[in-house]
Amino acid sequence: MLLIECPYCGPRPELEFAYGGQAHIARPADPSKASDQEWLEFLYLRDNTRGLFAERWRHARGCGRFFNAIRDTTTDHFVVTYKAGEARPAPTAGGAR
Amino acid sequence: MSDPKRQPPRIESRAWLAPLPAATRFIFRGGAAAAQAASRAFGVELPATACRANVAGARAALWLGPDEQLLIAPEGDATAARAALAAALESIPHSIVDISHRQVAFEVKGPDAEWLLQAGCPLDLDASQFPVGMCTRTVYLKAEITLWRTGADTFRLEIWRSFAEYVVGMLEESALELTA
Amino acid sequence: MTLRTAKGGRIDRTRAISFTFDGQRCQGFAGDTLASALLANGVHLVNRSFKYHRPRGIVSAGAEEPNALVTVIRDAARHTPNLRATQVELYDGLVAESQHRWPSLKFDVGAVTSLLSPFIPAGFYNKTFMWPRSAWKALYEPPIRKAAGLGIAPKLPDPDRYAQQFVHCDVLVVGAGPAGLAAALEAAAAGARVILCDEQQELGGSLLAERDASVEGQPVATWLESAVKTLGANPRVRLLPRTTAFGYFPHNHIGLCERITDHLASPGSQQPRERMWQVRAREVVLTTGAIERPLIFPGNDRPGVMLAGAGRTYANRYGTKVGERAVIVAGSDAAYAAALDLAAAGVTIVAIADVRTGNDGPAASAARAAGLPISTGNTVLGTTGKLHVSGIRLGRVASDGTVVPSVTHACDVVLMSGGYTPSVHLHSQSRGKLAWDDAFGGFVPAAAAERTRSAGNCRGVSGLAATLGDGAAAGAAAATAAGFAATGRTYAAQTLDADIRGTPGALAQPATPVPPAKAFVDFQNDVTTRDIALAQREGFESIEHIKRYTTTGMATDQGKTSGLNALAMVAASSDRRIPDVGLTTYRMPYTPVTFGSFAGVARGDQFDPVRKTPSHEWAVARGGVFEDVGLWKRTRFFPVGGENMHAAVDRECLAVRNSVGMFDASTLGKIEVVGKDAAEFLNRFYVNNWSSLAPGRARYGILLRDDGFVYDDGVIGRLAADRFHVTTTTGGAARVFGMMEDYLQTEWTDLSVWITSTTEQWAVVAVQGPKARDVLAKLVTGIDLSPAALPHMAIANGEICGVPLMLFRVSFSGELGFEVNVPADYGTMVWEAIHAAGQEFGITPYGTEAMHVLRAEKGYIIVGQDTDGTMTPDDAGVAWAIGKTKPDFIGKRGLTRPALTAPGRKQLVGLETIDPKVVLEEGAQVVDAPNRPIPFPMIGYVTSSYRSAALGRSIAMAAVANGRARMGETIWVAMPGGDIPVKVVSPVFYDPQGARINV
């Protein structure tokens, strides 16, 4: 069970969280202008990163907030978590233990 | 459960479980300005610090999220509190929703209260990590609860009413060995 | 108990304990394990082997035991198979049975397999029984399963309790041997919250088996007692004996299984049998010790051939002689320590046969000084005896490697030591790296992946003082890393300190005969040197492949004693170094964990939360039949006078159509959406136009995902300009709430709107039918119920039975309908009041089944039943709900995707069977021509199907390709009994004009 640092509540057990998929995929401001290909990519195409991956979590059974995290997919260690809307921090090697 | 108050659960051991009386409950949601106005109207400072509860008299405000607070008042205060909040917040964006009946409250108390709760709650409830006055939504096994440490060996549990029977049943099951 | 030593050990000789093994009454002492008590009674033979049914005896004294698996029986429901006798604590009246033998241990019919064994090499089962596939299940597998296999699980439900506990600490120390004790002492002294767990009943680990060692000038037992006392007195320290750390999970989450009552003769009924501890540790110290390796030689599996350290443990700790005349085969100096201690216990040491060329280490010197007979340059050619070892044939290895027979010794026990393998299981489970330590001759922990460190034997440190010091250093480092000040310390200790290193692999054998007699690598899975060689001859090079082909290391002991030996053999015969052969993966659990422990308190009616509605007890009292809807219990129907479901549902439906029915709709998800932008939010969120909805009115809303497919639906009422009451499907409540939060928090942060779940704030009673108004008129105050004042889809607030009422005039039945919303505490009272008030109209409570029929008669869809996650509003026939002029809503762009606008999509239609009595099966496939040869194309499937009492026939809904263009056509529903002809019709079967709803 992962230990996840909620940017609002601090470190909490994974049991309280819901996974939210890849982060930083904004819904197009005017979807009607999106081509079929762009819409397809928005809906379905996601990275499958080996290494540092920015992903969404929701502290669903806590403060309820969505937030973003950078996790090393090879170790499951989180490098950093940050609030939704904040820019992705510069990539850092390795993961905090 | 149909009426959680009908079957007062009891754990005769070094930890006690008791239902708390019906209460007025509001979920306040809004920004800092609304929280300030609500604090004045409700008579309790809505905590700005994460996972903390403030108490004033018989009323309390519990931080649940950065824009969400659980306001608790005696059952009879409902009308007055609602009116006061509505008046104070009229021109400030916010949401107040009456959820008095959405959940029921229990108190777990006694020297083994922490032990009993740790049978189902994955948080670290050691007083150094979960001090008096701390509150949070979390889980007890498969149910969501709001847990508030109201004293050194006293916790208040707010549970959605249909989950109360499950949580109480699990607390009683876990308490069995304490009574042995 | 003929083989007890005269004195000593940690058993309590004043407390005799009687037990039975295979029906034989035996005696032991308090403090014995089943294994030590059996050995004291001269019993070595405890099992038959997995594949060849060879007689097997106790090999070890701990968790690594590969052979001595027994079943312990308390009663019919409480018998636990596959327990290691070396870990079963004796209690008065304990009943244990050997397993995997028939009809008796000493005469095993299955042992004929042993005679056939030349024909059962590695991979035999795979190769021989693979074809034909169907024959495997029917023909080959059952007898093989019966012949092989382990103990038998009980068939009755487990009556024991199992507890679980979350616990946090600064430092978790796994293993309470010298290193673990020293680590815990250090971390505790620094003020850290410490948990020290150990799988044994007593803390102390290897210290418990020391004969005359001392620590800090004290006898080891004295030091141990005071160390445990010091730890026990510290309120920040939790000591957990009988507790196995079985799994190391991410982020220092460690699973411990504590055995609470298995050692008790009569456990209290309220005591849990086991407790699963879920530890979250800031820092972890692994002090899991090392496991002695057997030597590999022909006949090394004969009962009475044991690990040297085990012989020593039985003598020193349990006061048990494992035999009277011992031959010691030394592949490691540890064997000399055993020889000395056994000699001290009164065992005759017939010979110490060192398989190495020379030895002048301190242990060997001590043995020589004690006058024990030592020879070097030996190998073992075989053992004799049938059910117990009676002799050993030794050979000499010449300098050119040739082997010649030398001497045969008569003996009743052979003690062997191939050196020790560090127990790196948990470190490896935590994804830590392992490195080959050439000096030690084993894999030891390298870079950690978690906040963890290893100390003592498990990282190749040996010698008592060094181990204590290493543990103290690790404990101090862990405490420091957790934020406490600690420095560690050194220890003075006096003991023999035999070198525990050895050389893994098989002992040299003569070139003939070919093949040689069986020499076992993996006892539990009956893997021999021949099997390993065969695997290599057949081209398997990777150790992972060899493992799977030979099954070495794949038994319940996971190769604790065999792993490194197998690696060494593969390395030797392929001219590689051991580290170049690689390692197989360590997986949890370290030793088997009961299912009960994993299940914990989640069992029976407390397996999941059971959510009950306000009418629940009322329904129970009236014999209501329930169904599970998510976690909710909903009344499915209310049988009267022995009715079956069909009769009850027919009656309930007709009551609603003809008079009035009442239904508990409390489970519907409810979300209050509040804020000045509430309408705008819902405009963007649902397909409908909400700006045009006046306060006091409600509308049926449809929610899509951005891919354009239907996700949820429900009636949404506007309570005020800035306040909406959203209902969702019962199952969709949480996910719709989460989706709203997602868009509000991450996409539309410009909106001033908040949401609050009110699902459980409101109890909801649906009152439906032509007489619904008449019923409510008797109870409701403050609301004008007339059609003009409260038309269909209107909302009003008032009181019912003196409590606040939010009344929706809505219908999911097609009849005049109301949904009575009251604060949940009043739900039961209001339900009962409505039932009483409705008596004069014959009010009929109805359940979910009738609700389904009524809505299907009207063609109302149920999201998730009539839609499947690939259906658009148009497919589902609800495109009318879409607010066409809105610039955007979730799913709007998705709906214009080519595939979603392509012709030929499946559309929801009604189906009428040509034979009105035939009720179709939900999920059945629809085809456009009957009785075609398989395979043939499906054009759709049945989504809903019921008997309709009101219509006097069956009705169904189906998703059919081009369905709406097929109105009136006959198509077929494919069933095993033959294709059923059906006519495509409108899904609105009843009152198509909707006249009944607007009265």
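Residue numbering restarts at 1 for every chain, and letters A, B, ... go by the order of the sequence lines.
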Under 3.5 Å, is there a donor-acceptor pair linking the side chains of [X] and [Y]?
X	Y	result
C/Asp664	C/Thr613	yes
B/Ser162	C/Glu760	yes
B/Gln103	B/Glu158	yes
B/Ser95	B/Arg29	no

Side chain, backbone, both or neither: which part of [X] has a heavy atom under 4.5 Å from chain B?
X	value
C/Ala602	both
C/Gln278	neither
C/Tyr162	neither
C/Arg280	neither

At a heavy-atom distance under 4.5 Å, which candidate from [options] has the highest pair count against chain B?
options	result
C/Met276, C/Glu672, C/Lys633, C/Arg193	C/Arg193
C/Ile755, C/Leu631, C/Val673	C/Ile755
C/Gly827, C/Pro272, C/Ser269	C/Pro272
C/Arg723, C/Gln165, C/Arg161	C/Gln165

Greatest number of heavy atom pairs closer than 4.5 Å to chain C - which of [options]:
options	answer
B/Gly30, B/Ala143, B/Ser128, B/Gly31	B/Gly30
B/Leu125, B/Leu141, B/Asp98	B/Asp98
B/Ile99, B/Asp67, B/Asp124	B/Asp124
B/His101, B/Arg102, B/Arg25, B/Lys142	B/His101

Find the distance between CD (C/Gln606) and CD (B/Glu172) and round it off to the nearest 0.5 Å. 9.0 Å

Any side-chain heavy-atom pair of [X] and [Y] under 4.5 Å:
X	Y	answer
C/Trp277	C/Glu258	yes
C/Leu751	C/Glu680	yes
C/Trp762	C/Ser666	no

Identify which part of B/Glu68 has an atom lying under 4.5 Å from any heavy atom of chain C, answering side chain, backbone, both or neither. neither

What part of B/Leu117 lies closer than 4.5 angstrom to a heavy atom of chain C: side chain, backbone, both or neither? neither

Classify the ring geometry between C/Trp831 and C/Trp618 as parallel (under 30°), tilted (30 to 60°) or perpendicular (over 60°). perpendicular

